[in-house]
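What follows is a single structure, written as structure tokens, with notes after it.
Naming convention: chains lettered A, B, ... in sequence-line order (proteins, then strands); numbering from 1 in each chain.
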2 protein chains.
Amino acid sequence: MKASIQAVAAEAGVSISTVSRTFAKPNLVLPETRSKVMAAAEKLDYRISRSAAALKTGQSFRVALLMSDSISTWFNSNTYAGLDSVLHPAGYDISIFEMADAHDRHEFFATLPVRRNVDAVIVNSFNIVPEEVEKLSNMKVPIVGINIPSINGFNATVSIDDRQAMHVAVKHLFSMGHRRIAYAYETSNDNNQNMVFSAEARLHGLMETAEERKMTVERIAIRNYEDATNTILNSLLTMDPAPTALYCESDELALPVIYKLCQYGHAVPQELSVIGFDDVPLAAKIGLTTLHQDPFNMGENAARKMLSVMSGKTPKPLHETLQAQLMMRETTAFID
Amino acid sequence: MKASIQAVAAEAGVSISTVSRTFAKPNLVLPETRSKVMAAAEKLDYRISRSAAALKTGQSFRVALLMSDSISTWFNSNTYAGLDSVLHPAGYDISIFEMADAHDRHEFFATLPVRRNVDAVIVNSFNIVPEEVEKLSNMKVPIVGINIPSINGFNATVSIDDRQAMHVAVKHLFSMGHRRIAYAYETSNDNNQNMVFSAEARLHGLMETAEERKMTVERIAIRNYEDATNTILNSLLTMDPAPTALYCESDELALPVIYKLCQYGHAVPQELSVIGFDDVPLAAKIGLTTLHQDPFNMGENAARKMLSVMSGKTPKPLHETLQAQLMMRETTAFID
DNA sequence: TTGTATGCGTTATCAA
DNA sequence: TTGATAACGCATACAA
């Protein structure tokens with residue numbers, strides 16, 4: 001039942017420091033001694049107590065993951081999976097702090113409950129403001145960001161270049177003759193305080209390129225109490241002249257729309273080109289043209305940078321900007 | 001920087017025991033003293049060290065979550081969210097152990113790396129075998145299961161009644177005149193060793209009711225290297241006589257199929273009724289008839305049972321079986 | 001290369 | 001209701 005380090009030491013006929021070393025720094029102990037210790041440990045079913053090790057070393061082996069949205073979204077769950085694939089083997093647990101609304105968020109940054117209890121903080125994809133970063137900095141632990149608005153105050157970051165991605169996609173539409181496009185995006189109620197950073201960047205990126213090319217953009221802003229699919233469909237129907245392409249902020253928005261369009265006899269892409277963002281698994285299966293990003297990979301990347309910073313090193317690209325890739329599939333076509 | 005319990009005690013002019021009590025058992029300390037301590041803690045920016053508390057109490061405040069699939073699936077990420085919504089506020093971290101293949105799985109149960117380092121184990125939705133449960137039992141911590149094949153060895157469980165759900169759905173099809181249905185489901189390569197328990201139950205449930213009603217079932221088994229959508233579409237086309245209804249093991253399978261059917265001019269539900277399982281968000285948006293289950297809720301439920309067991313109590317329903325609900329939407333209809 | 005001794009920051013026991 | 005003190009299980013400086 002108990003089987004502490006003492007018992008193993010006794011069983012193996014060595015001191016507890018040797019047992020400790022056998023697990024923590026195996027190369028500092030004679031192979032012979034090592035196997036003796038391992039045998040004893042095996043026999044007694046011994047496992048190192050992470051709590052004790054943590055207390056002694058001053059580390060907590062815990063990282064805080066800050067998100068503004070649920071872990072169950074496509075982006076967040078994949079980011080998490082990527083982080084965990086690196087962090088778990090390294091002995092770290094991930095503690096999720098979800099800040100759904102302004103209140104949660106204020107509460108978190110006011111009390112900083114993780115203080116002195118995490119070895120690092122990961123900020124995942126929300127428009128954290130400078131004062132909040134400042135508060136995190138007071139914790140004196142590495143801060144790494146994924147899709148955050150500014151690298152200021154961050155030890156490392158990895159982000160998708162949403163803006164550039166939009167440029168590519170809009171140019172793609174332009175080159176196929178589209179001059180009049182509709183853009184569907186979600187807006188939150190609380191003054192966009194909680195609007196994810198990516199959303200802003202995507203909107204700006206789109207507008208920039210469209211203006212530059214003199215394309216007309218009809219915006220379809222979806223309030224979060226609305227039925228997105230219907231809102232988009234209705235807007236499409238009322239626009240006059242009708243747009244030739246529909247750009248959706250995310251695949252999640254685009255997917256039900258293209259299904260409904262098909263059902264109601266509107267041919268995609270013949271009548272309307274549709275383009276999404278994210279490249280969720282269903283997008284490929286359905287042939288949706290979209291911008292591909294890989295949150296699992298971003299999570300892995302961020303985790304590696306984090307580990308690197310924690311061990312005092314400087315990760316090669318401290319701040320990395322990834323390009324989303326345009327996946328040209330079947331929902332976009334030349335006009336006419 | 002340091003700000004340990006000693007410092008707070010000094011600042012507040014009390015002993016460390018009082019400080020400890022103020023945080024751990026506030027009601028055992030005079031309100032007056034309490035506020036003195038709180039003020040000092042606030043001033044010094046003190047937070048309790050979870051590692052030290054864990055060491056002393058013998059608890060780890062960590063639970064292991066065993067899954068056979070990635071956290072990024074719809075079911076798993078929602079279960080996790082539900083678990084975390086209860087466990088996180090209670091001070092527990094969740095450590096995910098993903099056992100993707102037979103090798104991982106064997107490794108895990110052979111070494112039991114979590115031994116003595118978690119306060120409980122949650123087995124999420126895979127067909128764990130008795131010997132494995134037996135090994136977990138040796139850890140002497142509560143074991144709670146979500147969608148597991150047998151309650152033997154588990155302190156508490158919560159499961160969906162997949163079998164019953166299939167009965168309901170098949171009867172629904174029967175009552176609408178369907179006598180010839182196709183069932184699409186995924187099979188893994190390694191002798192179904194890793195087939196999730198739900199998958200087996202769904203298949204059996206379907207066959208039972210179909211046989212009972214003398215309905216014909218054409219099985220479409222999808223190997224995991226195959227393109228599921230195409231496999232299903234091809235099978236549908238080659239079956240003679242054609243089935244009047246397609247039942248998919250999961251919405252994930254059904255969604256791209258109904259889109260493709262629409263694209264190729266096959267009317268759903270007029271030509272073919274389609275039914276899914278899960279009720280992912282997109283199912284509602286698209287109008288897919290499906291069986292609704294709520295993994296977030298199951299996670300919450302399991303977490304509450306776990307906490308209850310850990311505190312020595314006996315949760316009211318120790319083992320709970322939930323009914324999936326048939327969501328009758330637009331992809332099923334009367335035949336002819 | 002290994003052993004001895006000390007302390008990490010907390011909680012629990014007991015006494016006051 | 002509060003305080004003194006002894007662990008909890010391990011890692012590390014230092015000595016051997």
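- Residues B/Val309 and B/Val144 fail the side-chain proximity criterion, which asks for heavy atoms closer than 4.5 Å.
- The side chain of A/Ala24 has D/dA11 as its nearest neighbour among C/dT10, D/dC10, D/dA11.
- Checking C/dA5, D/dG3, D/dC8 against the side-chain heavy atoms of A/Ile16 singles out C/dA5 as nearest.
- Summarising the geometry, the separation between CD1 on A/Ile48 and C1' on D/dT12 is reported as 13 Å, rounded to the nearest angstrom.
- Comparing D/dA11, D/dG3, C/dA12 against the side chain of B/Val14 picks out D/dG3 as the nearest.
- Classified by interplanar angle (parallel below 30°, tilted 30° to 60°, perpendicular above 60°), the ring pair A/His88/B/Phe97 is perpendicular.
- Between the base of C/dA12 and the side chain of B/Lys56 there is no donor-acceptor pair shorter than 3.5 Å.
- With hydrogens and angles ignored, a donor-acceptor pair closer than 3.5 Å exists between the side chain of A/Ser17 and the base of C/dT4.
- Using a 4.5 Å heavy-atom threshold, the side chains of B/Val123 and B/Leu136 count as touching.
- Put simply, B/Ser4 has a side-chain N or O that comes within less than 4.0 Å of OP1 or OP2 on C/dT10.
- With a 4.5 Å cut-off on side-chain heavy atoms, A/Asn124 and A/Tyr80 do not count as touching.
- The stretch residues 27-42 of chain A has no heavy atom under 4.0 angstrom from DNA chain D at all.
- In this structure, B/Arg116 places its CZ atom 11 Å from C1' of D/dC10, rounding to the nearest Å.
- The structure places CZ of A/Arg21 at 10.0 Å from CD1 of A/Ile16, a figure rounded to the nearest 0.5 Å.
- One N or O donor and one acceptor, one from the side chain of B/Arg21 and one from the base of D/dG3, sit under 3.5 Å apart.
- Defined by atom type and a distance below 3.5 Å, a donor-acceptor pair is present between the side-chain atoms of B/Asp93 and A/Ser95.
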